[in-house]
J.: 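One structure is given below, represented as structure tokens, and several questions about it will come after.
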Amino acid sequence: MTLRIYDTLKRKKVPFEPLEPGKVSMYVCGPTPYAPPHIGHAYSAISFDSVRRALRWLGFEVTYVRNVTDVEDKIFARAREAGEDWPQLARRFADQYDREMALFGVERPDIEPWVSGYMDAIIDMIQRLIDRGRAYVADGDVYYAVETFSSYGKLSGQSIEDLRAGARVDVDERKRSPVDFALWKAAKPGEPAWQAPWGEGRPGWHIECSAMTFVTLGERFDIHAGGKDLIFPHHENEIAQSEGALGDGSFARYWLHNGFLNFSGEKMSKSLGNVFGCAQTAKTCGGEALRFYLISHHYRSPVNFEVDERGDMPDLHVADRRLDYFYTTLKRADEFVSAAKDPGEGPVAEGAGDLPERAREALSDDFNTPAALAAMSDAARLLNKLIDEPAGIAKDVRRRSIRRLAADIRDLAERALGILAMDPDEFLASRRARLAAHRGIDEREVEARLAARAEARRDKDFARADALRDELHAMGVEVLDTPRGAEWRVRED
RNA sequence: GGUGCCAUAGCCAAGCGGUAAGGCAGAGGCCUGCAAAGCCUCCAUUCCCCGGUUCGAAUCCGGGUGGCACCUCCA
């Protein structure tokens, strides 16, 4: 089955043919570490982490490059305010980014270029553009002469004429055309600066990605990805730079862009007070729940979170509950498998072997994680059913099917989707503790009442047992009677 | 103004021209001392509206309407 992906440049799904069979080179625009990450950053990180995992699961060997833009005005400004060295500040926030993305199961890139370490490559590329007549020096700045690049606008669908018409009035006079953009900015007093043939300064916003893809992945590579907002101007300008310097047909072969997050229908912004930090969200809702919620949408779609009066996001709690279901299912399967005799190889129940193929179809269709999750839901339901109902099926077939389903769910979830990787007991315990703390439930009190109830039930004093259960219910505790005794969970409502 | 994206049940959400996945909520049932959990059944003749192409359209084309985003170094 061939992989099809939606290419922003062609505006349609196209068959994916990597440069080298079986291998994928991929570059993702990474963070500018000047502040703690919010969950918008997480959406992008999770989306492309899922693409990476899906590619690997589908059998590709992936080289995943994600840059860190540590040379940037906002970093310099923050550092000045804080009285901190800018490299240190960038390091600090980049570390925080990695730590918090890990809460969502986002893996580290294979290669992580930092702009400050690629100045020579950046300067080389600018020089090459100047030599080829594509860029010009003006007062120590260097600008890209956009009009020399005839296909400018092909990614964002805009024409140079449109852009010129829409340009602001306060155009910099040093530019030959209002649509030209800076490759290099001359140093201002007190700002970090690097030495270049045309004077001291620092790179413009877009050139670093062109230079770093060239060094890390070469003249051509397979996939370039980033948030939708980067299509213009960032990625448009990258194309102009790379193709301008290296020739037509160089640079990225497929463009992937992911949607944005909204909160109760509104864009995230500081003034609306709806910027949600990653650490806080992971603490209240569980990091895995955020990932699960996000990958239950297609990566290109915008995602809306309903936010209630308390600033809480019910959608994430629903997702967390769904994870509880999957982990509970796996736990039941584990218990069943470890108690049962090894059934060996052989046939499985109808439908019990379908998951890998269904998931492969889903992920091969532009990384359709929602469809893969739908297949996983079907598998989990069948798994629970087989555990519950021993009748009407041969013992070995049943055992094999349960073992198989649990293994297939785990393989898909952990490797391709980045979820369900924890030990079920560990997940369930930490979730319960989180919810209990949130609702102010005293676990020792719960245990005491459960013990009293167990005694009452032994004595067949059901009135007393039910009264205790009602008390627990009022505390927010749900009692589950199992063959091994009573267990408890925190109620959802 | 220019450009791009989107509109599927009460809600969330897939759907590459072939007769509407999955989840939440809801109803009934199995199981249970009673529950919970789990499982079973039901829950869109229909995909914003109007035309068109086609044997056949949620899917393609044209025109509306309604959202969103980018053109301001915001993921």
Side-chain angles (χ1 to χ4, degrees), chain A residues 4 6 8 11-15 28-32 37-45 47-48 69 72-74 153 155-159 161-168 179 181-182 204-206 226-234 236-237 257-262 265-270 275 293 296-298 300-304 306 314-315 318-319 321-322 324-325 328-329 332 358 362 364-366 368-378 380-389 457 460 462-463 465-466 469-470 473 477-482 486-489 491-492:
Chain A
R4 294 162 52 81
Y6 184 90
T8 307
R11 288 181 233 300
K12 62 180 179 189
K13 281 186 202 172
V14 294
V28 179
C29 285
T32 299
H38 57 246
I39 61 178
H41 297 108
Y43 188 27
S44 188
S47 294
F48 298 121
T69 304
E72 216 273 345
D73 282 353
K74 287 189 294 255
L155 184 69
S156 56
Q158 312 197 64
S159 68
E161 290 69 42
D162 296 339
L163 291 165
R164 203 191 278 124
R168 297 291 175 277
V179 294
F181 59 90
W205 175 32
H206 316 292
K228 262 198 167 85
D229 60 321
L230 296 179
I231 294 172
F232 190 89
H234 187 53
E236 194 70 74
N237 290 351
H257 291 97
N258 83 301
F260 261 38
L261 258 35
N262 286 302
E266 293 186 300
K267 187 176 168 170
M268 176 163 54
S269 78
K270 274 183 191 154
V275 176
Y293 182 68
S296 69
H297 301 70
H298 186 89
R300 274 188 284 119
S301 305
V303 175
N304 186 53
E306 286 307 322
D315 297 325
V318 171
R321 168 71 184 98
R322 193 68 187 146
D324 184 296
Y325 167 81
T328 303
T329 301
R332 299 180 76 205
R358 283 186 65 193
S364 297
D365 182 15
D366 196 28
N368 193 333
T369 51
L373 287 174
M376 205 172 84
S377 288
D378 287 340
R381 183 155 21 83
L382 179 57
L383 177 50
N384 275 310
K385 185 179 169 173
L386 286 166
I387 293 170
D388 281 345
E389 293 171 16
R457 292 183 79 215
K460 297 270 192 273
F462 293 123
D466 289 352
R469 190 176 59 202
D470 290 344
H473 186 84
V477 170
E478 212 162 59
V479 179
L480 295 79
D481 287 323
T482 76
E487 294 177 0
W488 66 280
R489 55 194 293 153
R491 271 170 50 212
E492 303 301 326

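Below, read A as the first sequence line, B as the second, and so on, with proteins coming before strands; counting in each chain starts at 1.
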J.: Between B:G38, B:U3, B:C40, spot the one nearest the side chain of A:D162, thanks.
T.: B:U3
J.: Polar pairs (N or O, both sides) under 3.5 Å between protein and nucleotides 41-44 of chain B?
T.:
none

J.: A:R332 has a side chain; which of B:G38, B:A14, B:A75 sits nearest to it?
T.: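 Side chain of A:R332 sits closest to B:G38.
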J.: Considering only atom P, compute the distance from B:C34 to B:C16 and round it to an integer number of Å.
T.: 48 Å
J.: Check every strand shown and say whether A:E478 touches a base, only sugar-phosphate, or nothing at a heavy-atom separation below 4.0 Å.
T.: sugar-phosphate
J.: Should the pair A:R489-A:E478 be classified as a salt bridge under the 4.0 Å nitrogen-to-oxygen rule?
T.: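 So A:R489 pairs with A:E478 through a salt bridge.
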J.: Output the rounded distance in Å from CG (A:L382) to P (B:A21).
T.: 18 Å
J.: Could you work out which one of B:A75, B:A14, B:C39 sits closest to the side chain of A:H297?
T.: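 Closest nucleotide to the A:H297 side chain: B:A14.
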J.: Distance between the C1' atoms of B:C31 and B:A36, in whole angstroms?
T.: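 The same atom, C1', in both gives a distance of 12 Å.
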J.: Could you check which of B:A75, B:C39, B:G15 has an atom nearest any side-chain atom of A:K385?
T.: B:C39
J.: Can you check whether A:L155's main-chain N or O pairs, donor with acceptor, with A:E236's side chain at less than 3.5 Å?
T.: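 Such a contact is found between A:E236 side chain and A:L155 backbone.
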J.: Atom CD of A:E236 to atom P of B:G4: distance rounded to whole Å?
T.: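 So the two atoms are 12 Å apart, to the nearest Å.
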J.: Using the C1' atom as the point on both nucleotides, what is the distance between B:C48 and B:G28, in whole Å?
T.: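 Roughly 34 Å separates the two C1' atoms.
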J.: Among the candidates B:C16, B:A35, B:G38, find the nucleotide nearest to the side-chain atoms of A:R469.
T.: B:A35
J.: For A:F462, answer base if it contacts any base atom (sugar-phosphate contacts may also be present), sugar-phosphate if it contacts only those atoms, and nothing otherwise; contact means non-hydrogen atoms under 4.0 Å.
T.: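 If one applies the 4.0 Å heavy-atom cut-off, A:F462 turns out to touch a base.
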J.: Provide the distance between the two C1' atoms, one in B:U45 and one in B:U32, to the nearest whole Å.
T.: 40 Å
J.: Searching all strands shown, indicate the nucleotide that pairs with B:U46 (Watson-Crick or G-U wobble; both distances under 3.5 Å).
T.: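 Across all strands, not a single nucleotide pairs with B:U46.
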J.: If B:A37 has a Watson-Crick or G-U wobble mate with both distances under 3.5 Å, name it; if not, just say none.
T.: none
J.: Tell me whether the side-chain N/O atoms of A:K267 come closer than 4.0 Å to OP1 or OP2 in B:C70.
T.: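 Answer yes for this pair, as a side-chain N or O of A:K267 is under 4.0 Å from OP1 or OP2.
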J.: Measuring from the side chain of A:N368 (C-beta onward, heavy atoms only), which nucleotide among B:G33, B:A14, B:C71 has the closest atom?
T.: B:A14
J.: Classify the side chain of A:D466 versus the base of B:G33 as yes if they form a donor-acceptor pair under 3.5 Å and no if they do not.
T.: yes
J.: Assuming nearest nucleotide by heavy-atom distance, tell me which of A:T328 and A:Y293 is located more 5' along RNA chain B.
T.: A:Y293
J.: Take the protein atom CZ of A:R322 and the nucleotide atom C1' of B:A13, then report the distance between them rounded to whole Å.
T.: 13 Å
J.: Measuring from atom OG of A:S44 to atom NE2 of A:H257, what distance do you get when rounded to the nearest 0.5 angstrom?
T.: 9.5 Å
J.: Which part of the nucleic acid does A:E72 contact within heavy-atom distance under 4.0 Å: base, sugar-phosphate only, or nothing?
T.: base
J.: Heavy atoms under 4.0 Å, any strand shown: does A:P302 hit a base, just sugar-phosphate, or nothing?
T.: nothing
J.: Roughly, in whole Å, what's the span from NE2 in A:H298 to C1' in B:C12?
T.: 17 Å
J.: Would you please determine if the base of B:A75 is stacked by A:Y43, with stacking meaning a centroid separation under 5.5 angstrom and planes under 30 degrees?
T.: no
J.: Could you identify the nucleotide paired to B:C24, looking across every strand shown and requiring Watson-Crick or G-U wobble geometry with both distances under 3.5 Å?
T.: B:G10
J.: Looking at the side chain of A:S301, which of B:A14, B:C16, B:C71 is the nearest nucleotide?
T.: B:A14
J.: Taking donor-acceptor contacts at under 3.5 Å, does the side chain of A:R321 reach the base of B:C24?
T.: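 Checked by distance alone, the answer is no.
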J.: Using ring-ring contact (aromatic ring centres under 6.0 Å, His included) as the criterion, list what pairs up with A:W488, not counting sequence neighbours.
T.: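 A:W488 satisfies ring-ring contact (aromatic ring centres under 6.0 Å, His included) with no other residue.
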J.: Expressed as a whole number of angstroms, how long is the span from A:M376:CE to B:G23:P?
T.: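 Interatomic distance, CE of A:M376 to P of B:G23: 12 Å.
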J.: Side chain of A:L480, heavy atoms from C-beta onward: which of B:A36, B:G38, B:C71 has the nearest atom to it?
T.: B:A36
J.: Might you point out which heavy atoms bring A:D388 and A:R332 nearest each other, and give the distance in Å?
T.: OD1-NH2, 2.5 Å
J.: Tell me the interatomic distance from A:N262, atom CG, to B:C6, atom P, rounded to whole angstroms.
T.: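 After rounding, the reported distance stands at 15 Å.
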J.: Assess whether one donor atom and one acceptor atom, taken from the side chain of A:D481 and the base of B:C34, lie less than 3.5 Å apart.
T.: yes
J.: May I have the distance from A:E487 (atom CD) to B:A35 (atom C1'), rounded to whole angstrom?
T.: 15 Å
J.: Check A:T329 against A:N384 and note the closest heavy-atom contact, atom names and distance.
T.: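 Minimum heavy-atom separation between A:T329 and A:N384: OG1-ND2, 3.0 Å.
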J.: Which one is paired to B:C68, where only Watson-Crick or G-U wobble pairs with both distances under 3.5 angstrom count?
T.: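 For B:C68, the partner nucleotide comes out as B:G4, under the 3.5 Å rule.
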J.: How far does the C1' atom of B:U53 sit from the matching atom of B:G2, given to the nearest Å?
T.: 31 Å
J.: Under 4.0 Å between a side-chain N or O of A:K13 and OP1 or OP2 of B:C16?
T.: yes
J.: Please find the pair of heavy atoms, one from A:L261 and one from A:Y43, that lie closest to each other, and give the distance.
T.: CD1-CD2, 3.2 Å
J.: Using the C1' atom in both, what is the distance from B:G15 to B:C30, to the nearest Å?
T.: 33 Å
J.: Base, sugar-phosphate, or nothing: which does A:G40 touch, judged by heavy atoms less than 4.0 Å apart?
T.: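 Base, at least one base atom sits under 4.0 Å.
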J.: What are the two closest non-hydrogen atoms of A:N368 and A:P370, and how far apart are they?
T.: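 Here A:N368 and A:P370 meet closest at OD1-CD, 3.1 Å.
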J.: Pick the nucleotide of RNA chain B nearest each of A:N384 and A:S296; which residue has the one closer to the 5' end?
T.: A:S296
J.: Write down the distance separating the P atoms in B:U59 and B:A20, rounded off to the nearest Å.
T.: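 The same atom, P, in both gives a distance of 14 Å.
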J.: Could you give the distance from OG (A:S296) to CG (A:D315), rounded to the nearest 0.5 Å?
T.: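 Reported value, rounded in 0.5 Å steps: 9.0 Å.
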J.: Please check if the side chain of A:R164 supplies one atom and the backbone of A:V179 the other of a donor-acceptor pair under 3.5 Å.
T.: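 Answer holds: no.
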J.: Mind checking A:M268 for me? I need base, sugar-phosphate or nothing, with any heavy atom below 4.0 Å counting as a touch.
T.: base
J.: How far, in whole Å, is B:A57 from B:U19 if one measures between their C1' atoms?
T.: 10 Å
J.: Nearest of B:G2, B:A14, B:G15 to any side-chain atom of A:Q158?
T.: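 Out of B:G2, B:A14, B:G15, the nucleotide with an atom closest to A:Q158's side chain is B:G2.
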J.: Describe, in one word, how the ring planes of A:H206 and A:H234 are oriented to each other, choosing from parallel (under 30°), tilted (30 to 60°) and perpendicular (over 60°).
T.: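 Ring orientation, 0 to 90° scale: tilted.
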J.: Any base atoms under 4.0 Å from A:H38, or only sugar-phosphate, or nothing? Heavy atoms, all strands.
T.: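 A:H38: base contact, heavy atoms under 4.0 Å.
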J.: Using a cut-off of less than 4.0 Å, is there contact between a side-chain N or O of A:Y325 and OP1 or OP2 of B:C39?
T.: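 Looking at the OP1 and OP2 atoms of B:C39, one of them is under 4.0 Å from a side-chain N or O of A:Y325.
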J.: Nearest of B:A69, B:C16, B:G22 to any side-chain atom of A:D365?
T.: B:C16
J.: Grab the two heavy atoms, one from A:S156 and one from A:F232, that are nearest each other, plus how far apart they are.
T.: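 Heavy atoms of A:S156 and A:F232 come nearest at OG-CD1, 3.4 Å.
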J.: What does A:L230 touch in the nucleic acid at a heavy-atom separation under 4.0 angstrom: a base, only the sugar-phosphate, or nothing?
T.: sugar-phosphate
J.: Tell me: CG of A:D324 to P of B:G23, nearest whole Å?
T.: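 That distance rounds to 16 Å.
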J.: Paired with B:C60 by Watson-Crick or G-U wobble geometry, both distances under 3.5 Å: which nucleotide is it?
T.: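 Here B:C60 is engaged in a pair, and the nucleotide opposite it is B:G52.
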